[in-house]
Amino acid sequence: MSDAWIDINLDAIANNYREVTQHLSPAARVMAVVKADAYGLGAVPVAQTLQKLGCPAFAVTTVEEGLILRQHGVEGIILVLGPASAEQMAEALASDLQLTLSDFHMLREWEAVAAELGKEVKVHLKLETGMGRTGFFAKEWEELAAQLKQSPHITPVGVYTHLARAAQRDRAYTRQQVESFQRGVNLLEQQGFAGLWKHVCNSAAFLDYPDWHYDFIRTGTLLIGHFPATAFAGKLKLQDPWLAKARIVSLRRVPKGTFVGYQSIYRTKAETQLAVIPVGYADGFGVQPHFVPQGVWDFIKIVIKNFLALCRIYIGQESVILQGYRVPVAGKIGMQLTVLDVGNLPCETGDEVILPLRRTQANPRLLRQYWSEKRLIAKRHIKEGFLQSYPEYP
Ligand SMILES: *Cc1c(COP(=O)(O)O)cnc(C)c1O
């Protein structure tokens, strides 16, 4: 049993999926974006959960991510959003992944490889309308249609674009992007490519532009319980499936005046209990993003904070939650060990604490530990005769 991990509540993800589907336009379906290991929650268990609820399509960034989903029994459409190389083609086709076609180089290479394999490549055409990342520019769309007609092994099944400013107030840019996309769709239809699945909405656009849900909406952020911007908060009843936890691995009673940690920046003010948890900055605990002052007052606050630190007065010290109480970190956070001053709170070794960890900073090890232990526990349960099954983490 490890003593630091991230808990994932799959029921919360299921709730979020249902919330999304309730706000979906009638003709549209959900394409669940589970890239980057489902934003750090575990792509396989998340996709398996959504599949049980009837989610028809999934999106990932790389071919490897798509293959992992297939290996774990995820069915339905899997679209690879990022560029794929010709070397990955055989595997991608064997697993029935759909690929994003976003430049002419890919088109030529894929056609050659697919012809050799005697297989058909299902692609979604990516139109570049203002993200400036991948996709065919408007001036290339005629040529795209012409080349597709000469590529018998490439079968377009979808067409999409990605919005750059959907989470911002500025609606004009988004409108321009979608109008440009629609012109591309019309052009392709005139050239004989009709009936393609169309999709433009990410989470923010899904909430803000119901007229543009088309055939699919691509959402990741909402499924993991976040809103793309604070202005969207409350539009859906989302639940947070993510909680970082650790267990107390050592507990001692110490007298007043005990120094704690590197540089002895902390000294106990009274007799107290010191608890140790096995997490530190290697896990992302206590790691802050670089802070850029937003104006003069912000700058003054930073100066004051640093001045107080010089006087050994520390404000904004990290704390954790123990038995429903906020308890402070004592002294500097270490690489993998952190000390808490838990006062006279009745507690013991093995007790759980909740950590304020930034998701993007959390070490993926914590998550893997969680899922692999679930698997161990599940096996143990099966041995013991319980019919409990937990999803596997790769
Ligand atoms: C990440 C991504 C999405 C999902 O965006 P969210 O805002 O997280 O829902 C959709 N489409 C593309 C192309 C993406 O890369």
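One is the number of the first residue; the rest follow in order along the sequence. Numbering of ligands and ligand atoms starts at 1, following listing order. In what follows, every heavy atom counts, from backbone to side chain, and hydrogens, waters and symmetry copies are set aside.
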Ion pair present between Asp208 and Arg171, side-chain N to carboxylate O less than 4.0 angstrom?
yes

The atoms of ligand 1 lying under 4.0 Å from a heavy atom of Arg133, numbered in the order shown, are 15 (O)

Got the closest protein heavy atom to atom 6 (P) of ligand 1, with its distance?
Thr221 OG1, 3.3 Å

Do me a favour and list the nearest non-hydrogen protein atom to atom 12 (C) of ligand 1 with residue, atom name and distance?
His162 CE1, 3.2 Å

Anything under 3.5 Å between a donor and an acceptor, one on a side chain of residues 348-356, the other on a protein residue two or more places apart or in another chain? List them.
from	atom 1	to	atom 2	distance (Å)
Asp351	OD2	Gln323	NE2	3.2
Asp351	OD2	Glu348	N	2.9
Glu352	OE1	Lys245	NZ	3.4

Under a 4.0 angstrom heavy-atom cut-off, which atoms of ligand 1 come close to Asn202?
5 (O), 7 (O)

Pull out every atom of ligand 1 sitting under 4.0 Å from any heavy atom of Arg218, numbered as shown with elements.
4 (C), 9 (O), 10 (C), 11 (N), 12 (C), 13 (C)

Does a side-chain N-to-carboxylate-O contact under 4.0 Å join Glu271 and Arg253?
yes

Answer with yes or no whether the side chains of Gln369 and Glu373 bring together a donor and an acceptor at under 3.5 Å.
no

Could you tell me whether Asp341 and Lys269 have a side-chain N and a carboxylate O separated by less than 4.0 Å?
no

The closest protein heavy-atom partner of atom 14 (C) of ligand 1 is Lys35 NZ, 3.1 Å

So which heavy atom in the protein is nearest atom 9 (O) of ligand 1, and how far is it from that ligand atom?
Ser203 OG, 2.5 Å

Do any N/O atoms on Ala204 end up under 3.5 angstrom from N/O atoms on ligand 1?
no

Heavy-atom check, side chain of Asn9 versus side chain of Ile13, under 4.5 Å:
no

Return the residue, atom name and 0.1 Å-rounded distance of the protein heavy atom closest to atom 4 (C) of ligand 1.
Tyr39 OH, 3.5 Å

Please tabulate, for the side chains in residues 210-220, all donor-acceptor contacts under 3.5 angstrom to protein atoms that are two or more places apart in sequence or on a different chain.
from	atom 1	to	atom 2	distance (Å)
His213	ND1	Ser25	N	3.2
His213	ND1	Ser25	OG	2.9
His213	NE2	Phe206	O	2.9
Tyr214	OH	Gln182	OE1	2.7
Asp215	OD2	Lys198	N	2.8
Arg218	NH1	Thr161	O	3.3
Arg218	NH1	His199	O	3.2
Arg218	NH1	His199	ND1	3.0
Arg218	NH2	Thr161	O	2.9
Arg218	NH2	His162	ND1	3.2
Thr219	OG1	Ser203	OG	2.7

